[in-house]
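Below: one structure, written as structure tokens.
Naming: A, B, ... by sequence-line order, numbering from 1 per chain.
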Number of protein chains: 2
Amino acid sequence: MLTDRQLFLLQLLVNDYVVSAEPVGSRSIAKRDDVHFSPATIRNELADLEEMGFLEKTHLSSGRVPSEKGYRFYVDHLLSPVLLSEDEVGNIRHAYRKKFSEKEELIRVTAQVLSEFTNYTAIMLGPELMDMRLKHIQMVKLNQTQGVLIIVTDTGHVENKMVTFPKSIRAEDIEKIINILNDKLENVPLYQLQARLNKEISNVMRLHIRDYNRVMNMLQESLTMDDPEQIFCSGKNNILAQPEFQDVKKIISLLNVLEGKEIVHEIMSMPATGLHIRIGRENKLNGIEDCSLITTTYSMGGEHLGTVAVIGPKRMAYPRVVTLIDTVSKILTENLTK
Amino acid sequence: MLTDRQLFLLQLLVNDYVVSAEPVGSRSIAKRDDVHFSPATIRNELADLEEMGFLEKTHLSSGRVPSEKGYRFYVDHLLSPVLLSEDEVGNIRHAYRKKFSEKEELIRVTAQVLSEFTNYTAIMLGPELMDMRLKHIQMVKLNQTQGVLIIVTDTGHVENKMVTFPKSIRAEDIEKIINILNDKLENVPLYQLQARLNKEISNVMRLHIRDYNRVMNMLQESLTMDDPEQIFCSGKNNILAQPEFQDVKKIISLLNVLEGKEIVHEIMSMPATGLHIRIGRENKLNGIEDCSLITTTYSMGGEHLGTVAVIGPKRMAYPRVVTLIDTVSKILTENLTK
DNA sequence: AATTAGCACTCGGATAGATCGAGTGCTAAC
DNA sequence: GTTAGCACTCGATCTATCCGAGTGCTAATT
């Protein structure tokens with residue numbers, strides 16, 4: 001039930017506000033070449049849009065600013081994805097020119113690219129450790145009592161744990177243990193490791209290994225997986241340059257939110273497929289009421305792997321960010337899959 | 001040649017300024033119970049101290065503030081190390097209660113403890129990767145063409161590299177290669193790996209392995225070590241709460257410095273033994289002219305491993321930080337060594 | 001000779017008006 | 001339906017003023 005002219009004006013106003021960060025008045029809209037009606041007409045239209053809840057004023061006689069409802073409408077109906085210039089596409093590709101020897105590095109670089117090109121903050125969630133499956137397990141002895149237990153997963157992720165083994169243990173025993181583990185635990189999801197260890201392995205172990213109890217304790221401990229998420233964050237400071245965050249208190253509270261774990265939960269609460277936008281209070285997390293969150297996902301060979309997120313002010317360059325996050329997540333998927 | 005009274009007043013003034021962050025006037029000093037002379041006398045003394053360069057005024061009729069020379073003198077001659085309360089020692093120990101399965105985690109937690117207890121920013125430098133020696137090397141095949149190369153060092157650090165191998169390669173070949181590498185490269189410093197590979201290994205390899213060239217290329221690439229330093233930083237945001245950084249521009253520039261690599265070089269330029277303090281412009285790095293840097297080192301079984309640093313405003317609680325950084329680095333060394 | 005009381009002076013910070021300009025809503029004319 | 005005109009609002013900026021915490025200097029006191 002918005003007239004074409006109202007749609008047009010709403011779009012103009014959001015676009016204008018996004019770059020200027022100042023409330024937009026009727027005069028400044030009327031000045032544009034593509035607007036052929038007077039400030040007074042515009043005032044009337046804007047008053048209507050305000051009445052419908054799409055716009056707000058910061059004070060009685062100020063210009064207008066989009067409300068959250070306004071942004072939502074804009075994002076849902078007026079957002080025309082922007083094309084990246086060839087230069088920019090080239091620059092992005094350039095960031096991926098080098099060979100990546102670790103998957104983590106690839107993800108980290110993606111976060112960097114995204115934060116640099118959007119000028120907002122990028123957060124990448126890696127695959128959940130718990131969902132991976134064990135591919136191979138290995139023990140390296142460092143000295144008489146210490147060693148490193150290495151766990152390689154099907155996705156090529158490597159976890160390592162410092163272990164202290166009982167003095168009584170012999171080198172052959174260690175080898176035996178590792179063989180048993182590799183034999184019995186291949187392709188078991190990490191979250192099941194401990195359970196399997198207790199159920200299926202303890203029997204075999206008891207037969208072959210001296211000092212059974214101590215060894216089991218040691219393994220028990222080493223196979224505890226904590227770190228539930230891998231997080232790569234880049235461009236935290238970008239947000240500080242935004243005019244809406246010139247207040248030191250806001251800066252502190254926002255930075256603290258970005259450091260914390262809650263932001264990860266917020267991101268994980270986004271639908272797990274496709275591109276999604278949460279504007280201001282649509283986010284459930286306190287502290288980012290004035291921010292918008294855009295997420296999409298990336299994968300590796302068809303398998304969903306993790307989430308890409310950009311967080312910036314509500315007054316965000318939505319078209320550009322949408323295009324960028326989409327492009328970058330595709331490049332990442334491509335790179336991971338090949 | 002400062003009189004006792006001047007020493008006393010300088011100490012009082014620094015202590016006062018450190019907690020209040022306000023220029024200190026003669027009246028407020030005279031009010032103290034342990035001061036038995038009048039504001040006028042104090043003014044005379046402070047004027048002398050100022051003339052000698054230990055104090056400064058922010059404007060003509062303001063109270064006094066320590067100059068860098070003043071801080072330096074304070075740190076060198078007046079610093080009385082503070083004792084931690086039993087509660088605090090308990091709290092610190094408490095942070096280390098859990099078992100650490102990775103050395104990195106232990107260092108990370110130490111950074112956290114230090115930043116929390118000092119309320120400044122803690123930066124820990126891990127051991128230089130390049131100085132470590134190879135303990136064991138291992139390849140895990142993920143699928144037909146991809147695998148993970150795992151490098152374990154003598155310090156128990158684990159590096160992993162994604163590799164793509166030529167299709168022609170056979171499982172036995174991989175095993176042979178790894179055996180050769182382990183045989184020839186044990187205890188070789190990481191920075192020599194590539195050179196050794198070319199010199200000593202290529203001959204053996206040529207004899208035993210088909211598709212020699214491709215394999216060598218693959219290994220060549222995998223044994224390139226980049227990441228020269230491990231950095232753990234905690235409490236970046238603590239500094240923001242300090243009254244001297246209430247200016248958004250300062251915040252941004254300081255945070256950018258803390259993100260950057262230069263701060264690592266600055267820390268590495270500190271003497272490699274004992275506890276050291278650099279005040280304000282004594283730091284060569286632009287952007288931390290208003291900060292002080294305190295560093296010491298930690299080790300593992302007698303072997304120097306890395307550096308602990310705290311960065312805060314020049315107006316820093318030196319006695320407390322010195323005690324804390326010392327305590328914490330000892331605990332870390334203890335934990336690593338045992 | 002060292003200390004201190006007294007006093008004029010300085011300067012930053014807070015407070016209160018005055019002014020300006022960009023904006024609005026409303027009414028009446030086009 | 002559109003627009004010109006006008007009274008009105010409110011934040012931002014500037015200015016003047018005042019206050020208080022501080023100083024340095026001089027002269028009196030110990």
Nucleotides 11-16 of chain C: which of its N/O atoms have a protein N/O under 3.5 Å away?
none

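- Summarising the geometry, the separation between CG on L55(A) and P on dT24(C) is reported as 11 Å, rounded to the nearest angstrom.
- For dT2(D), the OP1/OP2 oxygens have no side-chain nitrogen or oxygen of T41(A) closer than 4.0 Å.
- A salt bridge links K236(B) with E259(B): at least one charged nitrogen is closer than 4.0 Å to a carboxylate oxygen.
- A salt bridge links R72(A) with E282(A): the closest approach of a Lys/Arg side-chain nitrogen to an acidic carboxylate oxygen falls below 4.0 angstrom.
- Picking from dT4(C), dG25(C), dT3(D) the nucleotide with the shortest atom distance to the side chain of R43(A) gives dG25(C).
- Atom-to-atom, CD of E45(B) to C1' of dT23(D) comes out at 16 Å; the value is rounded to the nearest Å.
- Atom CD1 of I42(B) is separated from atom P of dT23(D) by 9 Å (rounded to the nearest Å).
- For the pair R5(B) and dT3(C), the criterion of a side-chain N or O lying under 4.0 Å from OP1 or OP2 is met.
- Between K249(B) and D247(B) no salt bridge is recorded (no basic side-chain N to carboxylate O distance below 4.0 Å).
- Summarising the geometry, the separation between CD1 on I29(B) and P on dG22(D) is reported as 10 Å, rounded to the nearest angstrom.
- Atom CG of N44(B) is separated from atom C1' of dT4(C) by 9 Å (rounded to the nearest Å).
- One atom, NE2 of H36(B), and another, P of dT4(C), lie 11 Å apart when rounded to the nearest Å.
- When heavy atoms are screened at a 4.0 angstrom cut-off, S26(B) is found touching the sugar-phosphate backbone but no base atom.
- Within the model, atoms CG of L13(B) and OG of S20(B) stand 8.5 Å from one another, a figure rounded to the nearest 0.5 Å.
- The number of heavy atoms from other shown groups lying within 6.0 Å of CG (D34(A)) is above 12.
- Relative ring orientation between Y17(A) and Y71(A) is described as tilted, the plane-to-plane angle lying within the 30° to 60° band.
- The side chain of A47(B) lies closest to dG24(D), out of dG25(C), dG24(D), dT23(D).
- One finds a side-chain N or O of K57(A) lying less than 4.0 angstrom from the OP1 or OP2 phosphate oxygen of dG25(C).
- Residue C291(A) holds its SG atom at 5.0 Å from CD1 of I239(A), rounded to the nearest 0.5 Å.
- In this structure, R64(A) atom CZ and dA22(C) atom C1' are separated by 13 Å, rounded to whole Å.
- In this structure, CD of Q6(B) is placed 11 Å from P of dT3(C), rounded to the nearest angstrom.
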